[in-house]
Every structure is written in C-alpha cells, then in structure tokens.
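Just below is one structure, and these are the notes that go with it.
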Amino acid sequence: MRRDDSVSPRSVLEIRGLNLDFGTPRGRVHALRNVSFDLPAGQVVGIVGESGSGKSTLAYTVMGLLPDNAEVTAGSILFEGKDLLKMRAPARRSLLGDRLSMIFQDPMTALNPVRTIGSHMIDIQHHEQVSRGEKRARALEMLHRVGIPDPESRVGAYPHHFSGGMRQRVCIAMALLVKPALLVADEPTTALDATLEVQIIHLLKQLQKEIGCSILFVSHHLGAVAELCDRVVIMYAGEVVEEGSVRDIFHNPAHPYTRALLECDPGRIKKSTRTLPSIPGEVPSLLGTKLGCIFRSRCPQAFDRCVQENPVEHRIGLDQVARCHLLDEKRLVSA
Ligand code: ATP
Ligand code: SF4
C-alpha cells in the first residue's frame, strides 16, 4: 500500500508517480502512467491485469532491462531506499543477480543453450567470495531444494536436456541462489501446464519464506496470485486502478475493473460453460493524453464525470485504495 512520500524502511520497493513512454512510428505509447505502490519487505505483491496493461513493462523497468525506445519521463523507483532511476549504470548492473533477481516467462531467456546448468549456477554466484568448489556445492544443494532429481548427475547437462518445468525450476534455483532482497517474476508459470504451475507456485512460496525475500509477481492468473501473494496491484491500460491485500481484492473489490476481472476468472465460474467470458470491449490505445477515467469506455457504471475527470485515489478501510469516482460519490452521499 502507498503510505506517504517518505522513505519507509519496511518497504523494499517504493514506486512513486512512474511514467514511461515507448517511442513508436505512430507516436508515443504511454505504457505506464502515474504508477505508485509499495512492496513491503518479506511480502509477495501480485501485479494483475489484462494483456497490454503494462505489467511486464513495470517488471522490466524495475530490473532496468528496457528496450532503447523506452523512456521514463517521471517518477522514482526506490529499492532499499535508493532511487534505481538515478543510479549510474555500473552500480545498477551490480545489483542484478545480487540484491535483485528475475525469473522470466520463458526459462530460455535466462539460460544459454551452449552452457551447462552447473556453469550457469556457478557464474551466478560471482559476487560471492568463496571457492568454486563451495559454489558448486551450493548449486547442487539449491537444485535439490527446487526438486531436480539427482542433481549431481544433472549439473553437467545442458538446458535442452531438461523439460520446460524443470528448466523453470533451474531458473528459480539460479534466481534464489544469490539470496536476493527482491525477486521479480514475470509470468513464470504461464508456459506451464496447470499441475506444474501449482508445483512451481508452492515451491516459490516455500523458498520465499525460507530466504525471506520479497517478490513482485506478474501474472494474469488470478488463482496463482491468490495462492502466492500477500497483496495485489490491479493495472489497467498503464495505470494502477486498485490495490489491497489479497483478501480485500478478492472478497471486497472496489473498482469496476477489478470486479469485471474477477467475474471473468475461469477459477470462479461456477456453472459449466463452453466459452469463457471476457470483459466486453478492448483496452484503449495508449497513444496521446487521456481525459477522464481510462476504463470509461468499458465500464458499466460510467457516468458524466468519468468522461471529464481523472479519478483520484480513494482509501477503503485501512489497507485498500482504488481510483474510481463512484467511491467519491458514495462518500458525498453518506456525508
Ligand atoms: P501481456 O500480459 O500481454 O504481457 P502486459 O500487461 O505485460 O501484457 P506490456 O507488455 O507491458 O503489457 O505492454 C504495455 C503496453 O506497452 C502495450 O500497449 C504494448 O503494446 C506496449 N509496448 C510494450 N513494449 C513495447 C515496445 N518495445 N515498443 C512499443 N510499445 C511497447
Ligand atoms: Fe467506471 Fe467512472 Fe469508476 Fe471509471 S471512474 S471505473 S468509468 S465509474
């Protein structure tokens, strides 16, 4: 939850007013607009939203792995109190694979096909002042922890010798071997079947508790988010529209977009159906400036004010915030 603008020692990550554009031949795509939230130390925060809502862009911005056409135009990303966006490139690079780790949707993004799993796992420990033998022993222990059978005999194998699920386990082992303060996981289970997804989520949860790191977990799978996360940030068209604890978001959603997302979740649909529901309409173009609520063209509750004014953040209870004029109207009615 966003508390105030001072540095909170209890948050490992504090994102404030983040704006990011992509330059394209059609104009500037405003992929992140005024994004603000905190990731409390030792917690897992899920980033949820439809395709194109800016989830991956946010994850890659935190990691500093953006393409050349991306430009952060405003905001800050405080990691352990230091603004990553103001850090010099070498200092920022040295955080990667040390205090900051990432798991990608496609494990091959992180694995070099012509190098053995063992050499990946030894190299990832380049910050550690211990012998190669000790690094190898740690690698074997971690491979064992993530459920790779007989790690001693598999450590010399190449990535293509492993199944997709096993490759993702190896990537989790690599990412956590360095005991990061923050693990960014971008759709790490999307390419896996449902059974493997459950196994990987349980594994991540267990290791996160053991290591005590925080996780920024990007996913469009609400079931996985409910299982793994402490808090949820709902994104729509580059904006954070709602944020709260898993319990509040799943049981008491305040924003019409969050409610629509939950209604379309296959895990929550009770009656049998051949076609899965989707939210009517499309995510709007992110080109140009937008007046009014970004969700208004698809919102069943939109009213005049939604066309004219951008909604501001409203607090619901202690721990939940949402950007919707309805919350303001309710307040006025009940005042
Ligand atoms: P998905 O679930 O499909 O991965 P997402 O929520 O992660 O979607 P992003 O991939 O972050 O969304 O994309 C956000 C917006 O930024 C989209 O409109 C996308 O087309 C645009 N975008 C992403 N990368 C680029 C790029 N390199 N150049 C131009 N536009 C981009
Ligand atoms: Fe819907 Fe208006 Fe609320 Fe936006 S501000 S979510 S359009 S009711």
Side-chain angles (χ1 to χ4, degrees), residues 12-13 42 44 56 59-66 79-80 82 84 87 89-189 191-192 199-201 203-218:
V12 74
L13 189 71
V44 185
S56 297
Y60 281 82
T61 309
V62 170
M63 294 303 291
L65 300 173
L66 288 166
F79 171 64
E80 296 185 318
K82 292 204 182 87
L84 293 175
M87 232 177 237
R92 192 153 188 198
R93 265 199 306 276
S94 77
L95 285 175
L96 301 183
D98 183 23
R99 304 295 295 157
L100 268 172
S101 272
M102 185 159 187
I103 312 174
F104 301 87
Q105 178 176 340
D106 176 2
M108 288 311 281
T109 308
L111 298 171
N112 183 336
V114 298
R115 293 181 54 223
T116 64
I117 295 303
S119 70
H120 280 96
M121 296 201 62
I122 288 170
D123 286 359
I124 197 87
Q125 300 174 68
H126 63 276
H127 289 280
E128 302 286 340
Q129 304 296 318
V130 294
S131 69
R132 194 173 167 83
E134 172 69 10
K135 288 179 184 174
R136 187 174 185 278
R138 288 183 185 178
L140 290 175
E141 164 64 17
M142 194 47 118
L143 285 174
H144 176 71
R145 292 285 303 106
V146 299
I148 303 286
D150 193 11
E152 190 76 48
S153 72
R154 309 295 308 271
V155 77
Y158 290 87
H160 66 270
H161 294 135
F162 289 75
S163 66
M166 284 294 164
R167 280 201 284 261
Q168 197 57 296
R169 283 172 194 262
V170 169
C171 288
I172 291 172
M174 278 169 60
L176 294 178
L177 196 53
V178 295
K179 296 200 168 54
L182 172 62
L183 173 67
V184 175
D186 182 26
E187 306 260 12
T189 56
L192 307 176
Q199 290 175 10
I200 295 285
I201 293 294
L203 178 64
L204 266 178
K205 197 169 180 170
Q206 194 184 338
L207 291 172
Q208 182 262 338
K209 292 235 177 306
E210 273 174 35
I211 290 169
C213 65
S214 309
I215 302 183
L216 189 66
F217 181 73
V218 172

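Positions are given from 1, in the same order as the sequence printed here. Just so we're clear, the structure is a prediction, and the values are computed from it rather than from any experiment.
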[X] side, atom [atom1]; [Y] side, atom [atom2] - distance, nearest 0.5 Å:
| X | Y | atom1 | atom2 | result |
| --- | --- | --- | --- | --- |
| Leu182 | Leu216 | CG | CG | 6.5 Å |
| Leu100 | Leu13 | CG | CG | 8.5 Å |
| Ser101 | Met174 | OG | CE | 8.5 Å |
| Leu96 | His127 | CG | NE2 | 8.0 Å |
| Met63 | Ser56 | CE | OG | 13.0 Å |
| Leu176 | Leu207 | CG | CG | 5.5 Å |

[X] (side chain) donor-acceptor with [Y] (main chain) under 3.5 angstrom:
| X | Y | result |
| --- | --- | --- |
| Gln168 | Phe104 | yes |
| Gln208 | Gly42 | yes |
| Thr116 | Ala157 | no |
| Arg92 | Met87 | no |
| His120 | Cys171 | no |

Minimum-distance pair of heavy atoms, taken over all atoms of [X] and [Y]:
| X | Y | result |
| --- | --- | --- |
| Ile117 | Arg154 | CB-O, 4.4 Å |
| Ser153 | Asp150 | OG-OD2, 2.7 Å |
| Met121 | Ile124 | O-CG2, 3.2 Å |
| Lys135 | Ile122 | CD-O, 3.9 Å |
| Val114 | Tyr158 | O-CE2, 3.3 Å |
| Pro159 | Pro113 | CD-O, 3.9 Å |

(request) Determine, stepwise, if the pair Leu111 / Phe162 fulfils side-chain contact (heavy atoms from CB on, under 4.5 Å). (result) CA-CA 11 Å; Leu111 298 171; Phe162 289 75; over 6 Å; no

Passing candidate, side chain to side chain contact (heavy atoms under 4.5 Å, CB included) with [X], options [options]:
| X | options | result |
| --- | --- | --- |
| Ile103 | Val184, Ile215, Leu204, Asp186 | Leu204 |
| Arg136 | Gln125, Glu152, Glu141 | Glu152 |
| Arg138 | Leu177, Leu143, Val178 | Leu177 |

(message) Checking side chain to side chain donor-acceptor pair (under 3.5 Å) between Glu210 and each of Lys179, Lys205, Arg145, which is the one that passes?
(response) Arg145

(message) Under the criterion side-chain contact (heavy atoms from CB on, under 4.5 Å), I'd like the reasoning laid out for Ile148 against Val155: C-alpha separation, chi angles, the key distance, then a yes or no.
(response) CA-CA 10 Å; Ile148 303 286; Val155 77; over 6 Å; no

Taking the side chain as C-beta and beyond, is there a heavy-atom pair between [X] and [Y] under 4.5 Å?
| X | Y | answer |
| --- | --- | --- |
| Pro107 | Val170 | no |
| Leu183 | Met102 | no |
| Ser163 | Arg169 | no |

(request) Take Val218 and Tyr60, measure what side-chain contact (heavy atoms from CB on, under 4.5 Å) needs, and give me the verdict at the end. (result) CA-CA 11 Å; Val218 172; Tyr60 281 82; over 6 Å; no

(request) Kindly check if the number of other-residue, nucleotide or ligand heavy atoms within 6.0 Å of NE2 (His144) is above 12? (result) no

